[in-house]
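Below is one structure; the comments refer to it alone.
Just follow the structure's listing: the first ligand is 1, and inside any ligand the first atom is 1. We number each residue from 1, following the sequence as shown.
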Amino acid sequence: MLVKRSVISGLGRLTSHSPSSSSSVLRRQQFLVRTLCGSQIHRPTLIRAMNSTSEADAESVLRTVTPSLDPKRHKGQAGKIAVIGGCREYTGAPYFAAISALKIGADLSHVFCTKDAAPVIKSYSPELIVHPVLEESYSISQLSEEDQRKVQDKVLGEVDKWMERFDCLVIGPGLGRDPFLLECVSKIMLLAKKFNVPFVVDGDGLFLVTNSIDLVHRYPLAVLTPNVNEYKRLVQKVLNCEVDEENAEDQLRSLAKQIGGVTILRKGKSDLISNGETVKSVSIYGSPRRCGGQGDILSGGVAVFLSWARQLKSDPESPSENPAILGCIAASGLLRKAASLAFTKHKRSTLTSDIIECLGESLEDICPAS
Ligand SMILES: NC(=O)C1=CN([C@@H]2O[C@H](COP(=O)(O)OP(=O)(O)OC[C@H]3O[C@@H](n4cnc5c(N)ncnc54)[C@H](OP(=O)(O)O)[C@@H]3O)[C@@H](O)[C@H]2O)[C@@H](O)CC1
Ligand SMILES: Nc1ncnc2c1ncn2[C@@H]1O[C@H](COP(=O)(O)OP(=O)(O)OP(=O)(O)O)[C@@H](O)[C@H]1O
Ligand SMILES: [Mg+2]
């Protein structure tokens, strides 16, 4: 059994680690041992339990996937994230996703956006690396078809030279729905798949994917994070029916299965997560404020935690260790904790930026830096 083997071989490695990395290895081992043995569950029973919906222990998952701050690590090893989004209308959403990734602990956060959006996003924060490369129809409509294709190739070239370096992309926050731009983004998704780079699809990225399911079908490194509207459109398109609240878990499982085992995080009062096999929920108390932008924090968070979970030496086939599922559980748990903390401070005036300010304190409470 791969999990047990990784626990055992991990024990052997313990002596050669620094104190900080030893404690992180130990934390992961304790998590795996608890999962497998702590509750005296036999493996078949565990698998059955994984097949039914259960509330995830988000704090345990956060402790497991968050790496220790090891002085031997260099810049980039804690994660390089890129957000593909940001257009004339929306500059907040890509900023929220990208800055949340940094605040949670990623080392580098890039944004690939349109030329109009770039100076605005740069002005929000000097921490972000902003690439003004995407084009919308209005800026190319005068060009011949051939020149339009050249523009598209140039956009792809700009993204291509960075792609291999990214640990995860977030595709869609504030992207807009311009047809030329969305065509370029569909090619960016193909590029990510070619390099096996995971991606989180959110916002207008979901509008694109819902209309072209093949873009994500059978790509196990794709995570979709639909809100109520986005989920409804996905269900209608893929399952050809309406959302069934009575059988929410089964419907989510069918949807993820039908899209070839992608991971879906359905946002709502409880966040529901499935990859077509298991269904997990995260329902810990968050905040009653529903201000825009909270989903963007979540998408940036999923990207970071998924990247970290992929660094764990474990069995990706096991539902309890699947990096996409662990990433979703961790991000949902942390966002809810930060939202709750921000609400105690700001009450009705709580905004997305207040929640972002609480990410660090909330994670520190669960995984102290030292
Ligand atoms: N501060 C910011 O910058 C923030 C920016 N944000 C960004 O906003 C974008 C949309 O995300 P959202 O969450 O408003 O989408 P959602 O709930 O499906 O739609 C609600 C209703 O609006 C409509 N509709 C939407 N877009 C449309 C379009 N382009 N053109 C026409 N109709 C459109 C939609 O209609 P429908 O598609 O159902 O016909 C539905 O009725 C996305 O990029 C997100 O990241 C948010 O993250 C918040 C913070
Ligand atoms: N009714 C609710 N009760 C508690 N928490 C909720 C509720 N609805 C959503 N959330 C939380 O807010 C987070 C964002 O979900 P939401 O549905 O607002 O996304 P969104 O519409 O995509 O946001 P954005 O405005 O960023 O696009 C989810 O992770 C979820 O934890
Ligand atoms: Mg959204």
message = With respect to Gly174, determine whether any N or O atom, backbone or side chain, lies less than 3.5 Å from an N or O atom of ligand 1.
response = yes
inquiry  = Is atom 23 (C) of ligand 1 near the protein, in the sense that some protein heavy atom lies at less than 4.0 Å from it?
reply    = no
inquiry  = Within 45 degrees of the ring normal and closer than 6.0 Å to the centroid, is that where the cationic atom of Arg88 sits relative to Tyr138?
reply    = yes
ask   = Got a salt bridge between Glu357 and Lys103, using NZ or NE/NH1/NH2 to carboxylate O under 4.0 Å?
value = yes
key: Basic-acidic side-chain contact under 4.0 Å: Asp153, Lys150   = no
task = Return the orientation label for the Phe305 and Trp308 ring planes: parallel under 30°, perpendicular over 60°, tilted otherwise.
result = perpendicular
request  = Taking only Lys NZ, Arg NE, NH1 and NH2, and the carboxylate oxygens of Asp or Glu, determine whether Asp204 and Arg177 approach each other closer than 4.0 Å.
outcome  = yes
ask   = Does atom 17 (O) of ligand 1 have a protein non-hydrogen atom under 4.0 Å from it?
value = yes
note = Ordered by chain then number, the protein residues lying under 4.0 Å from ligand 2 by heavy atom are Asn227, Lys267, Gly268, Lys269, Asp271, Arg290, Gly292, Gly293, Gln294, Gly295, Asp296, Leu298, Leu335, Arg336
ask   = Is the closest heavy-atom distance from Gly295 to ligand 1 below 4.0 Å?
value = no
Atoms in ligand 1 with a heavy atom of Leu175 nearer than 4.0 Å = 43 (O)
request  = State the atoms of ligand 1, each with its element, that fall below the 4.0 Å cut-off from a heavy-atom position in Asp204.
outcome  = 9 (C), 42 (C), 43 (O)
ask   = Is atom 29 (N) of ligand 1 less than 4.0 angstrom from some protein heavy atom?
value = yes
ask   = Which residue supplies the protein heavy atom nearest to atom 35 (O) of ligand 1, what is that atom called, and how far is it?
value = Arg233 NH1, 4.2 Å
Carboxylate-amine/guanidinium contact Arg253 Glu249, below 4.0 Å = no
key: Expected output: side-chain Gln251 to main-chain Asp244 donor-acceptor under 3.5 Å   = yes
request  = Below 4.0 angstrom from a heavy atom of Gly172, which ligand 1 atoms are there? Numbered from 1 as shown, please.
outcome  = 43 (O)
message = Does this structure show an ion pair linking Glu164 with Lys80, if we count only N-O contacts that are shorter than 4.0 Å?
response = no
Protein contact to atom 10 (C) of ligand 1 [nearest heavy atom, distance to 0.1 Å] = Tyr90 OH, 4.0 Å
remark   = Quick note on ligand 1: atoms under 4.0 Å from a heavy atom of Pro173 include exactly 45 (O)
Of all pairs that satisfy ring pair (Phe, Tyr, Trp, His ring centres under 6.0 Å), the ones with a partner from residues 189-225, not counting sequence neighbours = Phe199-Tyr219
task = May I ask you to decide whether Glu242 forms a salt bridge with Arg233, counting only side-chain N to carboxylate O separations under 4.0 Å?
result = no
query = Quick one: do Lys337 and Asp365 make a salt bridge, cutoff under 4.0 Å?
reply = yes
remark   = A student checking ligand 1 against Asn229 at a 4.0 Å heavy-atom cut-off should list atoms 16 (P), 17 (O), 18 (O), 19 (O), 20 (C)
Within-cut-off N or O pair, Gly176 and ligand 1, under 3.5 Å = no
ask   = For atom 12 (P) of ligand 1, what is the nearest protein heavy atom, given as residue, atom name and distance?
value = Asn227 ND2, 4.5 Å
remark   = of all protein heavy atoms, closest to atom 2 (C) of ligand 1 is Ala93 N, 3.4 Å
query = Purely on distance, is any nitrogen or oxygen of Gly92 under 3.5 Å from one on ligand 1?
reply = yes
Mutual orientation of the aromatic rings belonging to Tyr95 and Tyr124 [parallel < 30°, tilted 30-60°, perpendicular > 60°] = perpendicular
query = Which word best sums up how the rings of His131 and Phe112 line up, parallel for under 30°, tilted for 30 to 60°, or perpendicular for over 60°?
reply = parallel
message = Given Glu230, Arg177, Gln294, identify the one with the heavy atom nearest to atom 34 (C) of ligand 1.
response = Arg177
request  = Inspect the contact between Asp202 and Lys267 and indicate whether a charged nitrogen and a carboxylate oxygen are less than 4.0 angstrom apart.
outcome  = yes
inquiry  = Any salt bridge linking Lys280 with Asp271? Criterion: basic side-chain nitrogen under 4.0 Å from a carboxylate oxygen.
reply    = no
inquiry  = Less than 4.0 Å from atom 47 (O) of ligand 1, is there any heavy atom belonging to the protein?
reply    = yes
